[in-house]
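Note sheet for the following structure.
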Protein chains: 2
Amino acid sequence: MTALLRQKDLAPRRWEHLRRILGRDQVVRVDELTEQLGVSAATIRRDLDQLEGLGEIRRVHGGAVSTGGRLEEPLFDDKTSVAIKEKRRIAEAALKYIKPNDTVYLDGGSTVLELARLLKDRSNITNVTNSLRATVELAGPGPRLILVGGELRRLSQTLVGPLTRFLIEDLHIDKAFMGTMGLSLEGGLTTTDPSEAYTKELVMEHAREVILLADHNKAHKISFTRAGRLEKVRVLITDNLMDRKLAKGLRKLGIEVVRV
Amino acid sequence: MTALLRQKDLAPRRWEHLRRILGRDQVVRVDELTEQLGVSAATIRRDLDQLEGLGEIRRVHGGAVSTGGRLEEPLFDDKTSVAIKEKRRIAEAALKYIKPNDTVYLDGGSTVLELARLLKDRSNITNVTNSLRATVELAGPGPRLILVGGELRRLSQTLVGPLTRFLIEDLHIDKAFMGTMGLSLEGGLTTTDPSEAYTKELVMEHAREVILLADHNKAHKISFTRAGRLEKVRVLITDNLMDRKLAKGLRKLGIEVVRV
DNA sequence: GCAAAATCAATCATATTCTTTCATGCGGCT
DNA sequence: AGCCGCATGAAAGAATATGATTGATTTTGC
């Protein structure tokens, strides 16, 4: 038995301290820690790298922030941050398709979320959605809002799965605004999760008109599973960086392609 | 005067500050922020650009505006603050009634919301709820979460009305934790809104066991409309300021009254 | 509609921080 | 002893963040 009474079991002790600080302040800077712990900055950085490997923190220039804290943006499978300008333009364009007294469905995804933001003051419509983020967006004063029930899929913050069928089958939807992870001629519409796909497909089959919102990054991507048939899509609204070949192919399928 | 040259804040700290201001005022000016944060305008602009990339804000000339997103809680807010200690104690006590693999229903209301907060790390249960607040609370890593579908009632931030029946009737609920606006022997359980009442009643009729969470302020209050039958309540968890007469009367009805 | 003022984007200089690499020292092992 | 493994510290060069400057753009005031 090797009694490890090493004087230098300091690493665990440092981590302890580090976790305490992070739990309290959510963010530390490395020079703060060098001072408090009396070790070199190099060691602190190595410690922080370790903790980052464990997923407890995220490194930032000058220090680290604890994950799951309030100043840590949650992880989505759909990156809001890319092409936000394009997404906003697409959402603007989508707005024109909405008429008074329409019942519109808002799918998950960041582009559709941008559309949701624009619907706050359109009080003469009814929104149906499975997106928690869209719901929060519209939770204040605004148009009528109906959530489909279902199981929360945390990665996308949407309600998915078989339980969503009740409301979707029961409601009449004029225009369904859908997002997608992948869009291609070979793969059609694809997404990462089967339950998510199920709900998407269900909506598309029941909506009177399906309008797809997809920025150019989705082009030629093929994700894990099919999510609805391209034939159900009447309009695709995309940005002007969308691949022309793909647009052409989609037009050939009878889809009205709008580039903004 | 210890006019220490304070370390500049790390970027995440600035962002936090920024988000706070924006959540409160909806709009910030750049020069306002340079002053408050003690960094140059260039840095503020870069920060704002970053946040815009994340979709959290929209840049405007001179500053930025929030894209909205926070949960509205005007009336609700004072309600959360009254008797918060009692509500927490009640929620703590309610926790004991939850067993592994239970399916629990979480109603709207601030006391139940406190319970929801305690359920974040109880991964071995299934939650069903009509409360948007509880949902947001549990939207991060946590136990399985199912939302009943339905129309959003903004005042209470709950899903209510006839559309909620599909899932509630379809799901098996072991324990339903209910809130109420009024609790009295004469009026029974009462609440302000008929749709809300409908959904509450539906849940109570279908749950295997109904546990009512109500602080002493609810005693003898009679609200607009009946919301479920007292006979369905098996346990009332309340605080120690609850009127004894009422407690006694409820016990006579066969309800187990727990005061904490 | 024009001019002044404010704000912005772009660029560069500087300071800070990060990564990489190497040297040192301490403890344990054969 | 002598050697190895490991944690640490130190240093150099790369990367990044910040602040100041300048000319362009937008808003404001008249």
Side-chain angles (χ1 to χ4, degrees), chain A residues 1-19 21-22 25-67 69 71-73 81-86 88-89 92 241, chain B residues 3-19 21-22 25-67:
Chain A
M1 152 183 181
T2 50
L4 289 172
L5 280 189
R6 297 176 53 176
Q7 165 109 322
K8 309 278 189 174
D9 64 340
L10 294 176
R13 200 164 301 189
R14 282 200 312 269
W15 290 20
E16 190 61 31
H17 186 106
L18 221 148
R19 275 188 257 252
I21 302 271
L22 270 165
D25 298 348
Q26 304 284 315
V27 49
V28 281
R29 46 173 45 248
V30 342
D31 46 10
E32 196 179 313
L33 291 169
T34 58
E35 196 176 319
Q36 293 187 19
L37 296 170
V39 293
S40 74
T43 300
I44 295 293
R45 291 208 183 86
R46 277 187 274 252
D47 285 346
L48 293 178
D49 286 346
Q50 298 268 339
L51 288 187
E52 182 170 42
L54 293 175
E56 297 187 25
I57 64 170
R58 185 172 56 86
R59 290 295 317 272
V60 296
H61 200 86
V65 294
S66 84
T67 53
L71 40 156
E72 176 65 17
E73 55 265 16
S81 42
V82 304
I84 185 88
K85 290 263 201 240
E86 283 78 8
R88 289 202 174 134
R89 281 209 310 276
E92 288 274 356
L241 281 77
Chain B
L4 281 176
L5 297 167
R6 276 220 304 156
Q7 283 272 29
K8 292 250 156 108
D9 279 339
L10 242 29
R13 272 240 179 287
R14 287 199 309 268
W15 293 9
E16 183 192 21
H17 183 102
L18 222 149
R19 276 189 259 249
I21 301 281
L22 270 167
D25 301 347
Q26 298 289 92
V27 43
V28 281
R29 301 187 49 83
V30 172
D31 47 12
E32 200 180 311
L33 291 168
T34 59
E35 198 175 319
Q36 293 180 14
L37 295 169
V39 293
S40 74
T43 300
I44 295 293
R45 292 207 183 86
R46 277 185 275 248
D47 284 346
L48 292 177
D49 286 346
Q50 297 268 339
L51 288 190
E52 180 170 44
L54 291 174
E56 298 187 25
I57 65 170
R58 201 161 37 82
R59 288 296 315 272
V60 294
H61 200 86
V65 296
S66 154
T67 46

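In what follows, chains carry the letters A, B, and so on, assigned in the order in which the sequence lines appear, proteins first and then strands, with residues in each chain numbered from 1. The analysis underlying the following values was restricted to heavy atoms, covering all of them including side chains, and did not include hydrogens, waters or symmetry mates. Bear in mind the structure is a predicted one, so any value in this text is a computation, not a measurement.
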Between P of C:dT16 and CD of A:Glu32, the distance in whole Å: 17 Å
Nucleotide nearest A:Val30 (side chain, heavy atoms from C-beta), chosen from D:dG19, C:dC8, C:dC18: C:dC18
B:Arg29/B:Glu35 ion pair, N-O < 4.0 Å: no
Any B:Arg14 side-chain N or O less than 4.0 Å from OP1/OP2 of D:dT18: yes
Check: B:Ile21 and B:Leu18 side chains under 4.5 Å, non-hydrogen atoms: no
Distance in angstrom units between A:Leu33 CG and D:dT8 P, rounded: 14 Å
Spacing between B:Glu35 atom CD and D:dG19 atom P, to the nearest angstrom: 15 Å
Closest-nucleotide 5' rank along DNA chain C - winner of B:Arg29 and A:Ala42: B:Arg29
Distance below 4.0 Å between B:Thr43 side-chain N/O and D:dT18 OP1 or OP2: no
Any B:Arg59 side-chain nitrogen or oxygen under 4.0 Å from OP1 or OP2 of C:dC8: yes
Side-chain heavy atoms of B:Trp15 within contact of A:Val65, under 4.5 Å: no
Value in whole Å for how far the C1' atom of D:dA10 lies from CD1 of A:Ile44: 16 Å
B:Ser40, nearest nucleotide to its side chain (from D:dG19, C:dA9, D:dT16): D:dG19
Nucleotide C:dC8, atom P - distance to NE2 of B:His61 in whole Å: 5 Å
Nucleotide C:dT19, atom P - distance to CG of A:Asp47 in whole Å: 14 Å
Nearest-Å distance for atom pair CG/P, residues B:Leu48 and C:dC8: 8 Å
Touch class at under 4.0 angstrom, heavy-atom based, for A:Arg46 against every strand present: base
Distance, rounded to the nearest Å, where B:Arg45 contributes CZ and C:dA9 contributes C1': 9 Å
Nearest non-hydrogen partners of A:Ile44 and A:Leu37, listed with the distance: CD1-CD1, 3.8 Å
Minimum heavy-atom distance between B:Arg59 and B:Arg45, given as atom pair plus value: NH1-O, 3.9 Å
